[in-house]
Amino acid sequence: MQTGIDYQNELNPAQYEAATTLEGPVLVIAGAGSGKTRTIVYRLVRLVESGVPASSILLLTFTRKAAQEMIDRARALLCQRGMPALSEYQETPPLHAGTTTDYAGDYAAGYQPQPRTHAVSGAAHGLAGVQGGTFHAYAYSVLRLFQPSGMARNLTVMDGHDIIAALQHCREETKAGKGDKSFPKNQTINGILSKTRNKEMTVEEVLRRESFHLLPHTDAIEMLGRTYAEFKRTKGLLDYDDLLFEFERLLLENEDALAYCRRKHQYIMLDEYQDTNPVQARIAGLVAGLSPAAVTGKEKQTETFTGNLMVVGDDAQSIYAFRGADVKNILRFPDQYPGTKVIRLEENYRSTQGVLDVSNAILEKATEGYKKHLFTSLGAGQTPRVVRPLSDRAQAQLVASRIIELSRSIPPSQIAVLFRAGFHSYALELELNKLGVRFKKYGGIRYTEAAHVKDMMSYIRLVQNPMDYTAFTRMAELHKGVGTRTCLKIYQLVLAGDKAGVEKAVARFPGLLADLNFIDEHRRLNSTPKILCSAVIEHYQPKLEELYPDDFPRRLQGLEQFAQLASAYDALDLFISDLALEDPLQEEKEEEGVVLSTIHSAKGLEWEAVIILDLVEERFPSRHSLTRPEDFEEERRLMYVACTRAKKTLEMYIPATLYDKGSGGSIPAVPSPFVRELKPSLYSEWQESYTGGLVQKKAHTAPHVPKPFLPRPAGAAAPTLRPTKPVAPEHNMQEEGFALGSGSSTTTRPEQCGYCHHKVFGRGKIIQHLPPDKYRVNFPGFGLKVIMAAYITLE
DNA sequence: ATAGATGGCATTTTT
DNA sequence: TGCCATCTAT
C-alpha cells in the first residue's frame, strides 16, 4: 500500500534512518526533544505501508497514554495523507478476527482469546491491531491466555491499595512486628519488598543500601514477604512485580506461550528503554527471539541477531533506578544484540537555546559523564529565570500570580509547574484554588481510589475471581456487624463450598447473603462488563444512598461514567486489570487548566512555560538521595528532565525558607546545587518585593544591603515585589555561604556527608553544614536537628 | 468481635 | 496533610 508520505523530506537524516530501518536490532539514542515520538510514529506508518500486518507490531511504552498518542498520531498521518484504498476499512474488524492467526485459542485450553484488545488498539485504517501499552499490561494480556503453573485459575491484577491491604492481612496473621513501634509501615514494607524484586536483591542487601536502621527487622520482613507471596498465589492475585516475573517464568516454562508471543509480535518497539529493569529487558529479549541463556547473560549471542527489535531511549534521562531500572540495559544493548544499528537523534526541536544551555550545563556536571550537547536552530529565546521568594508560602503566591500573568499570552494548558514530590505542590494548590485558577494535577488522587468506586469494583472483581480476598473483605465489611473475623470465617466457608455453613454464618446479615447470591448469579450469567456494571450499580445504590446521604447523586453519576467506560471491554478481567494498571479517567480530564506534575510524571511531555518549584536542598535534590552518589546523580538527571520539558519559558524557584511543621516556624533553606553551579550568564535573577511585580536583580551592581525583616501580619495580602533583596538577617548565610552562580559552591554532596555522635541523640547523619558553627543532622528516631558543632563529635 | 474515636505520625519518585 | 495504630465502649 502506498501513501504520499515523503519520509526523506519530512524527517531529518537520523530520524529517517530510524523510521525506515524495519529489520534487525536497532538502538535509537534520542536526546530530549529530538523528535523521538515523531520518528516512532513515522516508523509505525512505514511498517504498515511495507505490508507488515499491524497485529504483529508490539509497541511498549512507559504509560498507556504514550502508546495511545503514538498510535493516534500514526493513524492521523495515514488518514490525512490518504490511503484511499483503505477507506473501506473504516469499520475496523475486531483485533483477532480474520486476517491474523491467533494461536492462543489452540494452546490455552478453555481460554478463548477475547475479541477486544486489552491495551490500546489503533482502531482505524491500517493500524488496527497494533498492540501498545506498558510491559505490565502486555504481561497480563499473555498471562491470561495461558495458565501459569501453580497459580489459581482466574488471575486478578492488584492495585496499590490491594497490595497494602494484603500486607496488612499477612501482618495480622503472622503477628510480624506486632506492638513494635520501630517496625516499618505497610507502605515501607511494600517499597522494600518491591525493590527486592525489581533490583533482584535480598531484603538484607536492600536494607543495607538504603535503610540500614531497619536491618534489625530483616528476618521479619523476609518472612512477611514469603507470607505475602503465598497469600497472592493461593488467591489468584498478581501485584505489579508478579506480572513481570510470572510472565518471564511463563515464557521460560511454557514453549507454547513463547512460540505464541514470538510468532505474534514480530516487530517490537520499546520506548524509554533506559528505564527498563532487568526482568523487563529479559522479557523483551525472549519475545524478540534471544535464547534464554543469552537473555540472562550466561551465554553471549555471537551471531548477528535477526529479530526485529527497536529500542529507543536516552541514558541521560534515566530516572527510575529507584524501582530497579538499570541504564546498563540500554548501554550494553549493541553488545547483547550483535548487528545492532545505532542511531542518534541529536537536534532538538523543542526548546530555545537559552533553555538548552541550562539543560546542558546541568548535564555537564554529571559525574558519569553522559556526553550530550543539545542544540537547536530555534534561536536564543528568553533567558531562563531564577526567582528567590522569601519563603515557600511566598513562593506559592508568586508562582500563582506568575501563572496568571503568563496566561495572558500562553494558554493555561501550556503552562506547567513541576516538582520533586507530590506534596511539594500543596501550598500552590491552595493558592490556585483561592484565586480560582483551574489546574489539573498529575499523580494526584486516582478516581478509582474513591471509596464508592472501590465498593463497586469489589463486586465486579468477585464475579471474575471468587478468591479475591481483598475484594471479598471490602464487600463483606459494607455490612454492619461484619468485621475481620466474621469476614474471614465466611470467606473460608464460601471457598470450601459449604453452602449450609455459609447460610448459617450469614444468617445474621441478610444483606450479605443477598450480595453473595448476586455475585453467584452474575458469575453464572457471564455478562459483559457493561451489563455487569449496570447491575452492580443498581444493586449497590441503596447502600450508596445510606453511606453518602449528602452527595450520593454525584457519586452515582461517577459510577455511571464508569459503566460507560466498561462498555469498551468485552472481557471482564481486562477491564479490571486496566483499572489497576492505569487510571483510564486521567486522560479524560479537561484539557484546559495549568498542569501541576511531579517530574516523573512529566516525562516525555512538553510545555511552552515550565516552572520548577522548591529548588532547595532536602527537597530537590531529595533528602533521600543524599546517602549514595548514584542517587544524587539520578536527581541531576531528574533536573535535566525537568528543564528540557520547557519550550520557551523556564523559571526556577528557590524559596529562602521552608515551613517546618515540627516547630511551626520557618527554617532556612539552601539553594539546590543544581542552580548554584550554573554560571550567572545563563539566567536572570528575580526577586520578590513588597510593591508589585517581579523585579530583576541587577547583576553585580548594588552592594548587598540587608533589609530589616518585616514580618507580615497573619492573613495579610500576598507579598508583592521589590527591587532589592529582602533577606532577613538570620538568613544571611545564604548570601554569604551559598551565593548563586559562584560555579564552585560548597555543595553538600553525599560523599562529603559523614556521621557524628551526640550525647543525647546518639549517632546521626550529617545532612548539611550551616556555617559557621552549626550542622543539620538526621538522628534515627529523633529526626532532623540543628546542632552546634561544639556538641557533636565528628566521626 | 466490632465500631468509633483519639492521638501520634512521617511524608520520593510509579506500574 | 491524611493515614496509621491503638484504645475503649458496646
Side-chain angles (χ1 to χ4, degrees), chain A residues 60-66 133-140 157-161 163-164 167-168 171-172 177-191 194-195 197-198 210 238-244 272 275-277 279-280 318-325 418-427 429-430 442-443 445-446 449 476-477 479-489 508-509 577-583 586 597-603 614 618-626 631 634-635 637-638 641-642 659-662 778 781-784:
Chain A
L60 296 187
T61 57
F62 211 66
T63 62
R64 181 174 46 175
K65 206 173 145 199
T134 61
F135 264 97
H136 294 84
Y138 177 54
Y140 185 72
V157 177
M158 307 166 83
D159 69 12
H161 195 268
I163 295 169
I164 299 301
L167 277 174
Q168 178 62 27
R171 245 175 108 159
E172 280 162 17
K178 193 158 189 284
D180 181 350
K181 283 200 132 179
S182 73
F183 200 75
K185 310 238 171 292
N186 293 329
Q187 293 276 12
T188 315
I189 305 261
N190 176 37
S194 180
K195 253 181 201 174
R197 307 193 65 196
N198 282 297
E210 40 202 290
L238 297 169
D239 68 16
Y240 298 117
D241 305 325
D242 294 328
L243 282 170
L244 302 178
E272 309 283 11
D275 282 324
T276 51
N277 64 24
V279 66
Q280 288 171 323
S318 160
I319 54 175
Y320 280 95
F322 72 88
R323 77 172 206 208
L418 306 184
F419 34 85
R420 177 65 180 81
F423 71 92
H424 292 169
S425 67
Y426 288 165
E429 288 170 45
L430 287 178
Y442 282 27
I445 319 137
R446 293 169 146 223
E449 279 168 20
E477 289 185 351
H479 301 91
K480 283 271 171 273
V482 180
T484 328
R485 307 290 309 169
T486 316
C487 184
L488 183 60
K489 198 172 100 191
R508 278 171 46 220
F509 318 104
S577 68
D578 263 11
L579 291 184
L581 290 173
E582 210 160 356
D583 191 334
Q586 196 129 55
S597 173
T598 61
I599 299 168
H600 284 89
S601 303
K603 184 161 125 169
D614 281 330
E618 305 253 306
R619 289 212 161 189
F620 192 6
S622 154
R623 120 173 53 148
H624 300 271
S625 73
L626 291 175
D631 287 346
E634 182 146 314
E635 298 289 308
R637 294 193 294 269
L638 209 45
V641 168
Y659 175 73
D660 177 56
K661 49 225 164 280
N778 190 12
F782 297 94
L784 284 179

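Letters go in sequence order (proteins before strands), and every chain restarts at 1.
- One can place OH of Y426(A) at 11 Å from P of dT12(B), the figure rounded to the nearest angstrom.
- In this structure, R197(A) pairs ionically with D242(A), as a charged nitrogen and a carboxylate oxygen lie closer than 4.0 Å.
- Phosphate proximity of dT11(B) to Q187(A): absent, as no side-chain N or O sits under 4.0 Å from OP1 or OP2.
- Taking only side-chain atoms of T134(A), from C-beta outward, the nucleotide of dT2(B), dT13(B), dT15(B) with the closest atom is dT15(B).
- Ring geometry, F322(A) versus H600(A): the interplanar angle exceeds 60°, so the pair is classed perpendicular (tilted spans 30 to 60°).
- Both K480(A) and S622(A) lie close to DNA chain B; mapped to their nearest nucleotides by heavy-atom distance, the more 5′-ward contact belongs to K480(A).
- How far CG of D159(A) is from CG of L581(A): 9.5 Å, rounded to the nearest 0.5 Å.
- As a whole-Å value, the separation of N277(A) CG from dT14(B) C1' is 12 Å.
- For S601(A) and dT14(B), the shortest distance from a side-chain N or O to OP1 or OP2 is below 4.0 Å.
- Out of dT13(B), dC4(C), dT2(B), the shortest distance to the side chain of T484(A) is found at dT2(B).
- Here dT12(B) is the nucleotide among dT15(B), dT14(B), dT12(B) with the atom lying nearest to any side-chain atom of R420(A).
- Nucleotide dT15(B) holds its C1' atom 9 Å from the CD1 atom of I163(A), rounded to whole Å.
- Among the protein residues, Y320(A) comes within range of the sugar-phosphate backbone only, with heavy atoms under 4.0 Å from sugar or phosphate atoms but none that close to a base.
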| task | Starting from the C-alpha separation in whole Å, work towards a yes-or-no answer on side-chain contact (heavy atoms from CB on, under 4.5 Å) for V482(A) and R508(A). | result | CA-CA 10 Å; V482(A) 180; R508(A) 278 171 46 220; over 6 Å; no
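- Note on T486(A): a side-chain N or O is less than 4.0 Å away from OP1 or OP2 of dT2(B).
- With the nearest nucleotide of DNA chain B identified for both R323(A) and T188(A), T188(A) has the one nearer the 5' end.
- What you find for I319(A) and D275(A) is that their closest heavy atoms are N-OD1, 3.1 Å.
- With dT15(B), dT13(B), dC4(C) as the choices, the nucleotide that has an atom nearest any side-chain atom of L581(A) turns out to be dT15(B).
- Rounding to whole angstrom units, CG of residue D241(A) and C1' of dT14(B) are separated by 11 Å.
- The separation between D631(A) atom CG and dT13(B) atom C1' is 11 Å, rounded to whole Å.
- Side-chain proximity of R485(A) to dA5(C), dT13(B), dT2(B): nearest is dT2(B).
- Listed candidates were dT13(B), dC4(C), dT15(B). Nearest to the side chain of H136(A) is dT15(B).
- Once the 5.5 Å centre distance and the 30° plane angle are applied, the aromatic ring of F322(A) is found stacked with the base of dT13(B).
- The separation between N186(A) atom CG and dC3(C) atom C1' is 11 Å, rounded to whole Å.
- When rounded to the nearest whole Å, the span between CD of E634(A) and C1' of dT14(B) equals 12 Å.
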